[in-house]
Amino acid sequence: MRLPWAVLLLTLLGGRYLGWRLGSTLNLDGPLAAALSLTMLLAELALLATAFLQLWFTLAPDPGIAALTERAATALEQRRRRDPSTLPAVDVLVPSYGEPRELIGRCLRGCLAIDYPNHVVWLLDDSGRPELEQLCTALGCRYLGREQRQHAKAGNLNHALPQLQGDLLAVFDADVVPQSNFLARTAGLFADPAVGFVQTPQSYMNADPVIRNLRLERWLMPDEETFYRWVEPVRQGLNAVVCAGTSFVMRRSALLQVGGFETGTPSEDLATGIRLAAAGYRNLFVGEKLSAGLAPFTLAAMARQRCRWASGTLQTLRTGASPFTIPGLSPLQRLAFLEGILHWCNVLAQLLLLLLPLSIGVLGVAPLRVSGEGLLLYALPFYGAQLLLARWFSGQARTALLPELYRWVFLVPLAAAVLATLLGRPQRFRVTPKAPTAGRRLGAEPRLLLPLLAMLSLQVVGLLNLLPRSGLALAPISTATLALALVGAGCNGLLLLLAIRTCWDRGGGDGTPWFAVDRPGALQAAAGEPERPVRVRAISAAGVELELVAVVQGRQPSAKGSGPEGFQASPLTAPLAITLPGQTAPLPLRLAAMRGERLGAVWGELSAEQRTQLERQLYRQPGLWPRRRAPFEPLALLAVLRRLLQPIPPEDWFARSLLPQASAADRARSPSQAPASGAAPR
């Protein structure tokens with residue numbers, strides 16, 4: 001969100017704060033104290049520089065992409081009605097390497113179902129599996145493999161380029177399912193010959209491990225939401241949109257002009273987008289959720305994914321797409337792309353700022369000196385304003401404190417990946433697993449847990465040494481400095497406890513995403529028996545969770561006091577059928593669990609047509625993925641603190657990890673984009 005007055009306010013407060021830090025807080029009493037104090041100042045300056053660049057970028061002119069998208073979509077639809085053959089041809093590419101067959105099939109069926117008259121779907125298989133070629137034959141899409149599998153995903157995509165004939169190409173990762181209106185909302189923008197690619201948000205249909213492990217589906221927004229609601233829209237005003245590797249459409253001639261996808265880095269998407277910008281193309285970001293994929297299932301997989309992002313992004317600096325050296329970029333474009341690349345180095349500064357205050361409690365040396373008056377006049381206004389404005393700047397995608405949990409969980413592995421890359425030992429490309437693997441070990445991941453335990457131990461030692469009569473010989477420090485150290489150590493310790501708790505992956509679940517819904521349904525226990533009204537509370541490709549509804553004559557249905565009569569006496573294997581909105585025929589069910597008025601059931605044998613209708617309802621309808629608002633943070637913080645004391649049960653019936661889908665009423669009001677909604681029901 002663009003708030004010029006807020007940018008001005010934070011800039012003024014930040015200037016006052018920096019003047020105070022430079023003139024009044026440095027501790028230069030001795031070599032060790034001076035070294036610690038200056039190191040802490042440099043780390044803080046690095047973080048503030050990144051933050052202020054992002055703030056100042058919001059002052060760039062708003063290009064009005066929402067109105068442009070509507071005009072382009074309308075013009076495309078008019079062309080389609082007059083003569084569909086005049087629409088640009090699109091090749092839809094699905095690069096794959098080792099993903100489960102059913103997951104790939106779901107993606108391909110979604111791509112084939114895109115409501116666009118002139119598109120061809122390709123599976124680019126880098127694993128050489130005959131069953132995938134058979135799947136493509138059965139579905140009616142094209143299969144392409146290769147023998148030499150160099151340059152990972154970029155090489156796979158480049159291998160397909162000579163085979164393509166379309167004007168445009170769309171790319172989806174194999175776990176992503178596009179909505180039926182994906183091309184209707186994006187392809188029309190290429191009527192402007194200056195447009196190189198159009199990026200849409202990378203949304204997830206399941207909760208990531210940080211959210212899932214703590215059962216924070218109601219209280220914590222995915223970390224990527226901030227990038228797609230704030231960073232990408234702001235970059236658009238500078239023509240520095242980042243290509244995110246999936247859910248984008250690109251002009252084929254523009255891609256060929258820059259030599260295909262960049263192969264010098266695993267972040268081929270970012271580097272290729274930079275090359276297109278340098279070639280003079282205009283790159284756009286459409287902020288509508290037009291597809292959804294899978295977040296990593298385990299915390300270790302998510303850590304691997306983020307380390308690969310960090311390493312690959314930094315490797316861009318060693319390629320011909322480096323913003324430092326590539327010709328054709330404007331100064332603001334260079335600055336924007338460099339900020340996006342170098343911000344991964346912030347983890348080093350963040351780690352230093354976490355460890356340096358421990359010098360008071362561990363070494364007896366204060367890295368800074370503050371007074372109570374200085375804290376109240378300079379630090380509190382500056383950081384307080386940031387906390388209050390974080391929600392508005394991020395487009396309601398995040399609050400101020402709770403999203404910092406992501407930073408703490410992945411801080412050490414990210415710092416290690418960044419250091420290794422800077423030293424010339426980048427991480428090799430590995431596909432992120434999106435489903436449980438065979439023989440998956442339950443419990444905490446040692447590579448994530450042990451560094452957090454070590455940092456917590458240091459925080460505890462430092463905190464105990466700061467207490468009265470601890471025996472530590474502290475150099476003379478002010479009461480305000482000591483109080484700040486105590487508060488900082490306490491807060492850091494609490495955040496580390498939360499991060500440690502997150503390291504235990506929640507048990508149960510097979511990787512199938514379940515969605516929180518509230519839809520009517522009609523349940524039939526046996527042929528010839530009357531239908532029983534139910535409310536569908538959760539739904540997935542595996543089954544449904546229902547709540548029985550009692551119908552009292554002359555009154556509206558009520559879910560209270562109905563009881564599961566007629567089902568308790570039936571065996572759990574009894575066949576059932578349910579009619580859902582949008583379904584032309586009942587779907588077979590098999591009862592699997594009962595709890596009071598709630599029923600859990602798995603799907604029976606579905607026909608191909610029934611499976612298609614179900615997948616359309618689950619993944620493909622326009623406006624299916626709501627644009628949620630971050631919840632009120634004080635309540636969210638209380639919920640998080642409770643998770644420290646509560647055991648987290650494994651996923652099972654009526655205790656699943658659920659993300660919400662937009663209701664039919666919401667989709668009817670805004671067919672292209674579901675409106676903002678509250679948190680998930682559970």
Side-chain angles (χ1 to χ4, degrees), residues 40 43-44 47 51 207-216 218-223 226 299-300 302-303 306 346-362 367 379-380 383-384 386-388 390-391 394 398-416 444-467 483-506 630-646 648:
M40 187 171 183
E44 192 172 357
L47 295 179
D208 67 45
V210 175
I211 296 173
R212 179 177 179 266
N213 292 349
L214 293 178
R215 294 192 72 183
L216 292 177
R218 288 185 63 189
W219 305 108
L220 183 59
M221 299 285 286
D223 203 27
T226 302
L299 201 68
M302 191 173 182
R306 297 211 165 195
N346 286 350
V347 295
L348 303 177
Q350 290 164 350
L351 187 60
L352 284 173
L353 289 179
L354 169 65
L355 297 176
L356 281 174
L358 294 175
S359 63
I360 302 177
V362 177
L380 184 60
Y383 285 105
Q386 291 184 66
L387 295 178
L388 291 173
R391 186 186 185 96
S394 66
R398 63 163 290 163
T399 49
L401 300 175
L402 194 54
E404 293 300 301
L405 183 58
Y406 285 95
R407 175 168 65 87
W408 287 80
V409 171
F410 302 116
L411 185 59
V412 173
L414 276 176
E445 172 60 43
R447 288 173 295 179
L448 296 173
L449 179 63
L450 294 179
L452 293 173
L453 288 174
M455 288 193 293
L456 180 62
S457 300
L458 287 174
Q459 294 287 344
V460 171
V461 170
L463 184 61
L464 292 176
N465 284 341
L466 290 174
L467 298 177
L484 184 62
L486 285 168
V487 171
C491 292
N492 289 344
L494 184 60
L495 286 168
L496 283 168
L497 282 174
L498 282 170
I500 289 168
R501 177 64 188 85
T502 307
C503 289
W504 270 265
D505 285 317
R506 189 179 179 190
F632 184 53
E633 185 154 65
L635 294 179
L637 291 173
L638 290 176
V640 171
L641 293 177
R642 284 200 302 269
R643 297 297 188 265
L644 282 176
L645 306 175
Q646 294 175 340
I648 306 296

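T502 and P209 make their closest contact through CG2-O, 4.4 Å (heavy atoms, listed as atom of the first residue, atom of the second, distance). Residues P357 and M40 share a closest heavy-atom pair of CG-CE, 4.0 Å. Pairing each heavy atom of P631 with each of T399, the nearest pair is O-CG2, 3.3 Å. Nearest approach of P413 to L448, heavy atoms of both residues: CG-CD2, 3.6 Å. Between P222 and Y406, the shortest heavy-atom distance links the atoms CA-OH, 3.7 Å. Residues I360 and A485 come closest through the heavy atom pair CD1-CB, 3.7 Å.
A heavy-atom distance below 4.5 Å is found between the side chains of M455 and L496. Side-chain contact between W504 and N213 is absent, with no heavy atoms from C-beta onward closer than 4.5 Å. Looking at heavy atoms from C-beta onward, R306 lies in side-chain contact with D223 at the 4.5 angstrom threshold. No side-chain heavy atom of L358 sits under 4.5 Å from any side-chain heavy atom of V461. Within the 4.5 Å cutoff, no side-chain heavy atoms of V640 are placed close to those of L220. The shortest distance between side-chain heavy atoms of R501 and Q646 does not fall below 4.5 Å. With a 4.5 Å cut-off on side-chain heavy atoms, Q459 and L497 do not count as touching.
The structure places CG of L414 at 11.0 Å from CG of N346, a figure rounded to the nearest 0.5 Å. Note: D505 CG to R212 CZ = 7.0 Å, rounded to the nearest 0.5 Å. Atom SG of C503 and atom CG of L498 lie 11.0 Å apart (nearest 0.5 Å). Taking CD1 of I500 as the reference point, atom CG of L456 lies at 4.5 Å (rounded to 0.5 Å). Annotation: the span from L458 atom CG to L453 atom CG amounts to 11.5 Å, rounded to 0.5 Å. Between atom CG of residue L494 and atom CG of residue L644 there is a gap of 6.5 Å, rounded to the nearest 0.5 Å.
The backbone N or O of I648 lies less than 3.5 Å from no partner atom in the side chain of R506, so there is not a single donor-acceptor pair. Distance alone, capped at 3.5 Å, is enough to place a donor-acceptor pair between the R398 side chain and the A400 backbone. R218 places no side-chain N or O within 3.5 Å of a backbone atom of A636 that could act as its donor or acceptor partner.
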Derivation and outcome, side-chain contact (heavy atoms from CB on, under 4.5 Å), residues L354 and W408: CA-CA 10 Å; L354 169 65; W408 287 80; 3.1 Å; yes

L452 vs V412, side-chain contact (heavy atoms from CB on, under 4.5 Å): CA-CA, chis, key distance, verdict: CA-CA 8 Å; L452 293 173; V412 173; 5.5 Å; no

Working for side-chain contact (heavy atoms from CB on, under 4.5 Å), residues L214 and L405: CA-CA 11 Å; L214 293 178; L405 183 58; 3.7 Å; yes

Working for side-chain contact (heavy atoms from CB on, under 4.5 Å), residues L638 and W219: CA-CA 10 Å; L638 290 176; W219 305 108; over 6 Å; no

